[in-house]
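Inspection log for the structure reproduced underneath, given as structure tokens.
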Amino acid sequence: MEALIPVINKLQDVFNTVGADVIQLPQIVVVGTQSSGKSSVLESLVGRDLLPRGTGIVTRRPLILQLVHVSADDHRKTTDENELDSWKNPRLLSKGVDASEWGKFLHTKNKIYTDFDEIRQEIENETERISGNNKGISSEPIHLKIFSPNVVNLTLVDLPGMTKVPVGDQPKDIELQIRELIIRYISNPNSIILAVTAANTDMATSEALKIARESDPDGRRTLAVITKLDLMDAGTDAMDVLLGRVIPVKLGIIGVVNRSQLDINNKKIVADSIRDEYAFLQKKYPSLANRNGTKYLARTLNRLLMHHIRDCLPELKTRINVLAAQYQSLLNSYGEPVEDQSSTLLQLITKFATEYCNTIEGTAKYIETSELCGGARICYIFHETFGRTLESVDPLGGLTTIDILTAIRNATGPRPALFVPEVSFELLVKRQVKRLEEPSLRCVELVHEEMQRIIQHCSNYSTQELLRFPKLHDAIVEVVTCLLRKRLPVTNEMVHNLVAIELAYINTKHPDFADACGVMNNNIEEQRRNKLARDFPPPAASREKPVPVARKLSAREQRDCEVIERLIKSYFLIVRKNIQDSVPKAVMHFLVNHVKDTLQSELVGQLYKSLLLDDLLTESEDMAQRRKEAADMLKALQRASQIIAEIRETHLW
Ligand code: GDP
Ligand code: MG
């Protein structure tokens with residue numbers, strides 16, 4: 001199995017670095033009748049004495065033997081923390097055991113076994129614990145892990161042998177139970193079946209091959225192993241069997257000689273056994289010697305595993321390529337490490353400023369689709385939000401008949417007036433016009449808020465590189481926010497003035513107003529209109545209901561009020577139109593355009609200083625780390641892809 005180690009190790013490295021799932025090597029499952037030599041075969045494959053073997057039913061529970069490769073020079077490479085702790089176990093260290101190989105059972109938790117005799121003893125104990133000591137069997141597996149530099153990551157399954165007649169505590173249906181147990185393991189398509197038959201039994205009646213065929217009718221994963229070649233009757237040999245003349249087996253029939261019971265009793269070591277096996281084969285089957293024996297069996301298994309790996313490689317390669325592409329684009333999005341600081345800074349500032357202006361102009365690269373943003377939103381604020389608010393301002397809102405009457409009377413002083421005094425109109429109309437200031441200032445505020453929002457929009461979407469440099473990002477936000485804040489009072493002042501200008505001079509000669517003015521001087525016309533108004537009262541206007549007047553108004557008072565109301569309304573509409581037009585212009589000029597025009601120079605002026613370079617261009621730790629990780633991963637993936645290519649070229653035969 002050693003030829004596989006470097007390949008698997010390399011692949012393992014690949015998987016470790018790229019965090020992909022390890023290729024699952026097939027499980028190797030031995031099946032055969034009782035005492036045919038299954039445990040012995042597995043053991044010689046592993047190359048260590050660790051399994052209980054013997055006559056009668058010895059293996060009475062499935063043993064799932066997981067081989068785990070650990071690097072020879074670093075025993076502590078095992079990933080499990082507990083394992084590491086056990087390594088430092090003073091008992092082990094003081095005993096000075098050479099612990100380059102060790103075992104662990106699932107059922108004994110973290111106990112480390114460095115003595116393989118102890119492992120075998122524990123298998124026996126554990127078998128008895130569940131299956132009793134009188135030949136009973138159990139389907140509950142024993143899990144054993146062997147850590148060693150001399151193995152590949154592979155799982156071997158030792159199973160109880162097939163039997164016919166119940167003995168000891170065995171139930172009546174022992175035959176069926178064992179069959180079911182075996183089928184359960186060999187029906188797994190990812191298993192290789194070693195169908196073990198002893199040479200001193202009749203191959204034609206091999207139960208092992210029979211059961212293997214049930215799960216693997218095409219024989220694509222069944223390998224026949226003939227044991228006990230040394231125990232054949234004098235005058236017979238296994239030539240016909242080994243040549244496949246009795247039963248052909250697609251993947252091959254391999255004869256082996258394991259250690260006899262006497263060898264086991266004498267504690268013959270595996271290496272000696274393999275040497276003797278070789279000598280035996282050379283003597284008895286010279287023509288077949290190089291196609292039989294434990295070593296050849298191992299090589300054959302090796303090849304089967306290799307084929308399996310080869311079958312997995314294309315998919316693995318695709319997966320690695322996809323991952324590599326993903327990491328490449330991730331890495332690109334992180335940008336290159338900064339080389340020329342000052343040009344990078346200038347570039348980022350310019351890019352931000354450009355994006356900011358573009359967002360206002362509506363020419364940005366990244367156009368928001370979920371909501372209005374930038375210039376479009378400013379337009380919306382001007383024409384929808386602000387426009388509508390102004391239109392909803394009632395020209396006579398908050399004005400009662402009493403207010404009007406009182407104003408008229410106050411304006412005439414001690415003399416009763418002949419005409420409606422102009423002063424009262426001015427007084428009242430100013431009061432109404434003043435009401436336009438509040439929504440106008442609110443409009444400035446909304447635009448200011450939107451300008452602030454654009455900063456976020458730009459750094460989130462358009463200038464993603466900025467996210468790499470949190471300090472620069474903050475500094476830019478600060479400068480723009482400051483600039484906006486500086487422009488706010490100037491703009492407010494202007495808007496305030498726009499209303500103040502309107503208040504400063506009530507132009508009763510305004511051409512649009514002249515018409516309404518005429519009524520004041522034309523009483524006949526006025527009376528006619530009054531009559532009209534009385535006969536056809538105007539639909540209930542949106543103005544607030546006048547507070548009920550305590551006393552009944554005289555006809556004169558009534559008329560005066562109506563005149564004033566009409567004049568106010570007419571003049572107010574003129575002013576409102578002005579404001580609706582001039583406020584957006586003022587906001588554009590004093591806030592939006594100003595910021596747009598000075599943004600770049602403001603940013604450069606405040607940030608483009610050699611003293612600040614280092615500080616502003618410090619990448620977030622996170623980012624440096626992420627770029628490094630992505631770069632490492634990409635490198636690992638590229639190496640992985642190279643390793644796979646090499647494996648495909650050189651190791652497959
Ligand atoms: P299992 O029941 O199929 O697991 O068989 P074991 O591996 O326990 O072997 C049963 C007995 O056969 C043991 O005493 C082994 O020593 C013996 N044995 C197995 N293989 C060979 C072999 O190739 N030659 C000889 N002489 N004895 C063998
Ligand atoms: Mg056995």
Side-chain angles (χ1 to χ4, degrees), residues 28-65 119-120 123-124 126-128 131 135-139 141-142 144 156-164 167 170 174 178 181-182 185-186 193-201 203 206-209 211-212 224-234 236-238 241-242 253-270 272-281 283-285 292-297:
I28 294 179
V29 185
V30 284
V31 299
T33 48
Q34 199 171 299
S35 292
S36 53
K38 300 178 296 299
S39 300
S40 304
V41 167
L42 278 190
E43 212 175 36
S44 44
L45 282 175
V46 178
R48 290 297 296 245
D49 293 277
L50 74 149
L51 299 180
R53 291 144 302 156
T55 47
I57 182 157
V58 179
T59 311
R60 295 186 285 136
R61 285 176 66 178
L63 176 79
I64 299 184
L65 175 60
I119 291 181
R120 187 170 49 243
I123 295 176
E124 281 168 18
E126 179 60 14
T127 301
E128 284 194 6
S131 326
K135 305 189 168 77
I137 65 148
S138 161
S139 61
I142 298 174
L144 169 62
L156 308 169
V157 183
D158 192 13
L159 291 174
M162 286 178 279
T163 180
K164 297 258 180 218
V167 292
Q170 291 172 356
I174 180 83
I178 292 182
L181 183 62
I182 293 174
Y185 283 92
I186 61 176
I193 307 169
L194 292 189
V196 179
T197 313
N200 53 3
T201 59
M203 168 84 165
S206 168
E207 290 287 335
L209 282 173
I211 201 167
V225 181
I226 308 298
T227 55
K228 308 194 185 182
L229 288 180
D230 58 322
L231 291 187
M232 296 194 70
D233 283 344
T236 59
D237 65 34
V241 170
L242 294 179
I253 302 171
I254 297 170
V256 297
V257 180
N258 293 317
R259 287 166 295 177
S260 66
Q261 192 56 45
L262 184 68
D263 295 333
I264 293 170
N265 297 347
N266 294 340
K267 300 204 181 314
K268 181 174 178 179
I269 61 167
V270 180
D272 288 346
S273 156
I274 287 181
R275 203 191 52 227
D276 292 349
E277 180 193 42
Y278 181 73
F280 173 87
L281 289 173
K283 190 162 152 254
K284 189 93 197 264
Y285 304 95
N292 287 282
T294 304
K295 281 219 154 142
Y296 184 75
L297 174 62

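All of these numbers come straight from a predicted model, not from anything done at the bench. Both counts, for ligands and for their atoms, begin at 1 and track the order of listing.
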Numbered atoms of ligand 1 (with element) below 4.0 Å of [X], judged on heavy atoms:
X    : answer
R53  : 7 (O), 8 (O)
L231 : 25 (C), 26 (N)
V257 : 23 (O)
S35  : 1 (P), 2 (O), 3 (O), 5 (O), 10 (C)
G37  : 1 (P), 3 (O), 5 (O), 6 (P), 7 (O), 9 (O), 19 (C)

Atom [atom1] of [X] and atom [atom2] of [Y]: how far apart are they, to the nearest 0.5 Å?
X    : Y    : atom1 : atom2 : answer
I174 : L181 : CD1   : CG    : 9.5 Å
I123 : L63  : CD1   : CG    : 5.0 Å
L65  : L144 : CG    : CG    : 5.0 Å
E124 : I119 : CD    : CD1   : 12.5 Å
I193 : I186 : CD1   : CD1   : 4.5 Å
R61  : I142 : CZ    : CD1   : 4.0 Å

| S39, G54, S273: member with heavy atom nearest to atom 8 (O) of ligand 1 |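 Checking each option, the heavy atom nearest atom 8 (O) of ligand 1 is found in G54.
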| Out of L42, N258, T59, who gets a non-hydrogen atom closest to atom 22 (C) of ligand 1? |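 Ranked by closest heavy atom to atom 22 (C) of ligand 1, first place is N258.
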Note the single closest protein heavy atom to [atom], along with its residue, its atom name and the distance in Å.
atom                    : result
atom 7 (O) of ligand 1  : S40 OG, 2.6 Å
atom 15 (C) of ligand 1 : R259 O, 3.5 Å
atom 14 (O) of ligand 1 : Q261 OE1, 2.3 Å
atom 27 (N) of ligand 1 : S260 CA, 3.3 Å
atom 26 (N) of ligand 1 : D230 OD2, 2.8 Å

| query | Taking the side chain from E277 and the backbone from T294, do they hold a donor-acceptor pair closer than 3.5 Å? | reply |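 Pair found, side chain donor or acceptor close to backbone of T294.
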| query | Is V58 in contact with ligand 1, taking contact as a heavy-atom separation below 4.0 Å? | reply |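 No; V58 lies far enough from ligand 1 that no heavy-atom distance drops under 4.0 Å.
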| query | If you measure from each heavy atom of G32 to ligand 1, is any distance below 4.0 Å? | reply | no
| Closest approach of G293 to I254 (non-hydrogen atoms, all atoms of both residues) | O-CG2, 3.8 Å
| message | So which atom in A208 and which in G32 form the shortest heavy-atom distance, rounded to 0.1 Å? | response | CB-CA, 3.7 Å
| request: May I ask you to determine how many protein N/O/S atoms are under 2.8 Å from the Mg ion (ligand 2)? | output: 2
| request: Go through the steps to decide whether L159 and K38 satisfy the test side-chain contact (heavy atoms from CB on, under 4.5 Å), and finish with yes or no. | output: CA-CA 8 Å; L159 291 174; K38 300 178 296 299; 5.5 Å; no
Mode of [X] contact toward ligand 1 - side chain, backbone, both, neither (heavy atoms, under 4.0 Å):
X    : result
I264 : side chain
E43  : neither
D158 : neither

| query | Using a distance-only test with no angle check, is there a side-chain donor-acceptor pair under 3.5 angstrom linking S260 and D263? | reply |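 D263 and S260 do have a side-chain donor-acceptor pair below 3.5 Å.
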| Going through the distances and angles, do I178 and Q34 end up as a side-chain contact (heavy atoms from CB on, under 4.5 Å)? | CA-CA 11 Å; I178 292 182; Q34 199 171 299; 5.9 Å; no
| What about S36: any of its N or O atoms under 3.5 Å from an N or O on ligand 1? | yes
| task | Mind checking side-chain contact (heavy atoms from CB on, under 4.5 Å) for F280 and listing every partner two or more places apart, or none if nothing turns up? | result |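 side-chain contact (heavy atoms from CB on, under 4.5 Å) list for F280, sorted by chain: L229, D230, V257, K284, Y285.
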| With T227, which residues qualify under side-chain contact (heavy atoms from CB on, under 4.5 Å), at least two apart? | V41, V196, A198, V225, V256, N258
| Counterpart residues, side-chain hydrogen bond (donor to acceptor under 3.5 Å, both in side chains), relative to E43 (two or more places apart) | R53, R259
